[in-house]
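Encoded as structure tokens, the structure appears first; notes follow it.
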There are 2 protein chains.
Amino acid sequence: MEIKNALAAFSALSQQTRLEIFRLLVTKGMEGMAAGDIADALDVRPNTLSANLVILVNAGLLRNERQGRSIRYYVDMQGMRFLLSFLLEDCCGGHPELCQPVISEISCHCGESGG
Amino acid sequence: MEIKNALAAFSALSQQTRLEIFRLLVTKGMEGMAAGDIADALDVRPNTLSANLVILVNAGLLRNERQGRSIRYYVDMQGMRFLLSFLLEDCCGGHPELCQPVISEISCHCGESGG
DNA sequence: ATTTTATTTCTATATTTCATGAAATATGGA
DNA sequence: TCCATATTTCATGAAATATAGAAATAAAAT
């Protein structure tokens, strides 16, 4: 990943509506969500939502797929992976114990009851 | 973590100099780096660097410590942990296999020879 | 106390980003 | 074809952010 892609991604996540969109879609997993439903869920006007979705897609954080009249949006897990590995590249100056807690914290707890 | 903190963090990382600062400090681990050395390494003027360091500290991504005349900066691993867990909260709609590759990708490879 | 080095704060200008209304495009149904 | 629904594109004024010069602050050395 080049720095320009990473900048686009962080810039995309640095705006409230877009961060809410992303976090909402994170919870939806591969089910995703239609643009209109996102607009309803977050109470954002369609054109504003659309502009923000474009920014997230161009940043490599979301992908989309037309389904009839709707367009369905999903988190792009590969984009996410590239971004985080770019950010934490060559981490910790040789001391894994520093960054290991970061990684275990974000381990996927889907389906677990407690944490 | 509240959304405002996360927005501040992503906003901080969405600017080239600041992203370079953060990535440089990621590689330094607990050794950290003095402000002046960061300025030299990235070829940024001291006042510009200082303004950007303030933004990163306020975003919870860096911490600092005076050492004689220098001020030394470090990545704040706990801030990082909060940020990533906020971003990926309740992930994947119950399908861990979706986000697991993201996590293994960023696992700390410090000291390993190959990937 | 004065000087030197390291970093920050103040202030102004230039640039970027934001949400919106209005219009356009795409799909599906009658 | 004509209409309704779903979403995007365009243009714009308002707000936020970035950079740098100049001055200020903090610590160490003389």
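In this text the structure is predicted, and so the values were computed from the model without any measurement. Naming: A, B, ... by sequence-line order, numbering from 1 per chain. Any value given below was found using the heavy atoms of this structure, including those in side chains, with hydrogens, waters and symmetry copies removed.
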Any residue meeting salt bridge (Lys or Arg N to Asp or Glu O under 4.0 Å) with B:Arg72, in chain and number order, not counting sequence neighbours
none
Among residues 29-40 of chain B, which ones have heavy-atom contacts with DNA chain C below 4.0 Å?
B:Ala34, B:Ala35, B:Gly36
side-chain hydrogen bond (donor to acceptor under 3.5 Å, both in side chains) pairs, two or more places apart, involving residues 46-57 of chain B:
B:Arg18-B:Asn52
Okay, side chain of B:Ser14, backbone of B:Ser11: is any donor-acceptor separation there less than 3.5 Å?
yes
Within the structure provided, determine whether B:Ile21 and B:Leu62 are in side-chain contact (heavy-atom separation under 4.5 Å).
yes
Start and end of chain A contact along DNA chain C [non-hydrogen atoms, under 4.0 Å]:
C:dC18 to C:dG28
In short, salt bridge (Lys or Arg N to Asp or Glu O under 4.0 Å) pairs touching residues 29-54 of chain B with sequence neighbours left out are none
What residues in residues 50-60 of chain B put a non-hydrogen atom under 4.0 Å from any atom of DNA chain C?
B:Ser50, B:Val54
Is any side-chain heavy atom of A:Val26 closer than 4.5 Å to one of B:Leu87?
no
Who are the side chain to side chain contact (heavy atoms under 4.5 Å, CB included) partners of B:Ala35, not counting sequence neighbours?
B:Leu49, B:Leu53, B:Tyr73
Among residues 8-25 of chain A, which contact DNA chain D at a heavy-atom distance under 4.0 Å?
none
Considering all heavy atoms, the nearest B:Arg69-B:Arg66 contact:
O-NH1, 3.4 Å
Side chain to side chain contact (heavy atoms under 4.5 Å, CB included) against B:Glu89, all qualifying residues, sequence neighbours excluded:
A:Arg23
Got a sec, which residues hit side chain to side chain contact (heavy atoms under 4.5 Å, CB included) with B:Leu24, two or more places apart in sequence or on another chain?
B:Thr27, B:Lys28, B:Met33, B:Ile38, B:Ala41, B:Leu42
Scan nucleotides 21-27 of chain D nucleotide by nucleotide, 5' to 3', and note B when protein non-hydrogen atoms come under 4.0 Å of the base, S if they reach only the sugar-phosphate, - if neither.
BB----B
Using the side-chain hydrogen bond (donor to acceptor under 3.5 Å, both in side chains) rule, collect all pairs that involve residues 1-10 of chain B, keeping only residues at least two apart or in two chains.
none
Closer than 4.0 Å, any side-chain N/O of A:Ser70 to the OP1 or OP2 of D:dA6?
no
